[in-house]
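The next block holds one structure in the form of structure tokens; read it before the comments.
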2 protein chains.
Amino acid sequence: MKQLKPTESELEILNILWQKGPSTVREVHEVLEKSKDAGYTTTLKLMQIMHEKGLLERNTDSKTHIYKASVSQKQTQGQILQRLIDTAFNGSASQLVMQALGNHKATKEELEQIKQYLEKMEGKKDQ
Amino acid sequence: MKQLKPTESELEILNILWQKGPSTVREVHEVLEKSKDAGYTTTLKLMQIMHEKGLLERNTDSKTHIYKASVSQKQTQGQILQRLIDTAFNGSASQLVMQALGNHKATKEELEQIKQYLEKMEGKKDQ
DNA sequence: AGTCTTGTACGAATTGTTTCGTAAACAAAC
DNA sequence: GTTTGTTTACGAAACAATTCGTACAAGACT
């Protein structure tokens with residue numbers, strides 16, 4: 001499998017497409033604008049490059065092209081985390097997890113959810 | 001406080017310095033070499049740039065300079081995670097946590113450690 | 001002193017990322 | 001059918017990150 005490495009800007013776009021599903025450049029751009037200051041053609045160009053790289057697929061049947069992510073959210077997130085764990089967390093996933101929890105004040109419900117998830121994992125390990 | 005944003009290569013170097021403490025360029029380079037293919041002067045240049053940016057301090061008393069990280073591990077990790085949560089995890093820290101746990105097959109001990117950490121946090125919340 | 005080794009400094013080439021101006025295609029509105 | 005608006009395409013500029021060649025300094029070793 002290819003090791004595609006989205007840049008920061010590309011990640012923002014991927015994240016939007018993962019949320020919204022297939023979208024036009026304008027739709028993506030309108031979301032992007034809220035958090036970022038860039039022109040329409042900049043977004044367009046980025047998405048064209050992402051298409052060349054294989055990060056996005058597009059349907060060009062109509063004049064207005066429809067783009068969608070061609071990499072899965074799970075897998076991409078996994079790759080990024082793996083790299084981050086290696087480069088900044090000295091290979092320790094649990095260090096990353098605790099740092100994320102500590103800084104971030106999750107709600108009680110979120111914490112509970114994570115705890116259940118942990119128990120499920122421990123259960124699997126014992127079999 | 002300034003928002004310093006180490007690049008990927010810079011993070012690798014920071015991570016080494018966080019582990020080893022103050023070190024010479026050669027010491028850092030020798031660790032770096034194991035995981036990466038780059039010449040000595042490349043590492044040197046990187047560390048000089050990091051010094052200019054304020055990411056590293058150095059002692060130039062002797063001919064061979066000694067560098068150390070001037071940003072804290074905790075805070076830097078926190079910033080990076082925050083950015084990552086925003087751009088790739090749609091603002092959800094718990095999504096990141098579960099993804100990290102799921103992909104990464106932590107040891108039983110690590111899982112236990114995280115669970116204890118969670119309980120401690122829940123305890124604090126109730127007060 | 002002369003050679004060797006190890007180090008820093010500097011500058012430049014290379015590569016990757018981001019940004020946007022401008023032009024051309026196309027359709028809808030007048 | 002000409003104007004107006006929306007879209008894609010292309011190219012180049014601006015910026016940032018990475019890499020390394022080369023020169024020079026300093027101490028260590030004959």
Side-chain angles (χ1 to χ4, degrees), chain A residues 2-17 22-68 71 76 80 83-84 87-88, chain B residues 2-17 22-68 71 76 80 83-84 87-88:
Chain A
K2 266 173 306 192
Q3 256 293 69
L4 290 175
K5 205 174 152 179
T7 67
E8 186 121 345
S9 302
E10 289 172 344
L11 257 189
E12 291 178 320
I13 289 174
L14 280 175
N15 198 36
I16 292 169
L17 287 171
S23 309
T24 64
V25 173
R26 179 147 308 275
E27 286 166 337
V28 170
H29 179 64
E30 260 152 25
V31 178
L32 211 50
E33 259 185 329
K34 291 181 203 155
S35 53
K36 204 185 180 183
D37 190 27
Y40 173 82
T41 51
T42 301
T43 305
L44 170 66
K45 182 67 169 187
L46 262 175
M47 290 175 73
Q48 286 171 338
I49 290 170
M50 290 170 77
H51 174 244
E52 279 170 35
K53 289 192 193 173
L55 286 167
L56 303 184
E57 291 163 45
R58 68 177 179 184
N59 181 324
T60 57
D61 287 353
S62 72
K63 188 198 160 190
T64 310
H65 302 175
I66 311 277
Y67 288 80
K68 69 169 202 183
V71 291
T76 306
I80 292 165
R83 207 165 49 242
L84 187 59
T87 58
Chain B
K2 265 174 307 194
Q3 257 292 71
L4 291 175
K5 204 174 153 180
T7 67
E8 185 119 345
S9 303
E10 289 172 345
L11 257 190
E12 292 178 319
I13 289 174
L14 281 175
N15 196 37
I16 291 169
L17 287 171
S23 311
T24 65
V25 173
R26 179 146 310 273
E27 287 166 336
V28 170
H29 179 63
E30 259 152 25
V31 178
L32 211 50
E33 260 184 329
K34 292 182 203 153
S35 54
K36 203 187 182 183
D37 191 26
Y40 173 82
T41 51
T42 301
T43 305
L44 171 65
K45 182 67 167 187
L46 262 174
M47 290 176 72
Q48 286 171 339
I49 290 170
M50 289 170 77
H51 175 244
E52 279 170 35
K53 288 193 194 173
L55 286 167
L56 304 184
E57 293 165 42
R58 68 177 178 183
N59 180 324
T60 57
D61 288 353
S62 71
K63 186 199 162 191
T64 310
H65 303 174
I66 311 278
Y67 288 80
K68 68 170 202 180
V71 293
T76 306
I80 293 165
R83 208 166 48 242
L84 187 59
T87 57

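Chain letters run A, B, ... following the sequence lines, proteins first, then strands; residues in each count from 1.
- Remark: Ser9(A) is in phosphate contact with dT18(C), judged by side-chain N or O atoms under 4.0 Å from OP1 or OP2.
- For the OP1/OP2 pair of dT18(D) and a distance below 4.0 Å, the side-chain nitrogens and oxygens of Thr7(B) include at least one atom meeting the criterion.
- Across all strands shown, Thr41(B) has heavy atoms under 4.0 Å from base atoms, whether or not it also approaches the sugar-phosphate.
- In terms of polar N and O atoms assigned as donor or acceptor, the side chain of Lys45(B) never comes within less than 3.5 Å of the base of dT18(D) in a complementary pairing.
- Enclosure of atom NZ in Lys36(B) by more than 12 non-hydrogen atoms of other residues, nucleotides or ligands within 6.0 angstrom is indicated.
- Listed pair Lys36(A) / dT19(C) meets the phosphate criterion, a side-chain N or O lying under 4.0 Å from OP1 or OP2.
- Taking only side-chain nitrogens and oxygens, Thr42(A) comes nearer than 4.0 Å to OP1 or OP2 of dC20(C).
- Dashed line: the shortest gap from a side-chain N or O of Arg26(B) to OP1 or OP2 of dG7(C) is under 4.0 Å.
- Considering only side-chain N and O atoms, Gln48(A) lies nowhere under 4.0 angstrom from the phosphate OP1 or OP2 of dT8(D).
- Put simply, Arg58(A) has a side-chain N or O that comes within less than 4.0 Å of OP1 or OP2 on dA9(D).
- For Tyr40(A), no side-chain nitrogen or oxygen approaches OP1 or OP2 of dT19(C) to under 4.0 Å.
- The two residues Tyr67(A) and Val25(A) make their nearest non-hydrogen contact at CE1-CG2, 3.6 Å.
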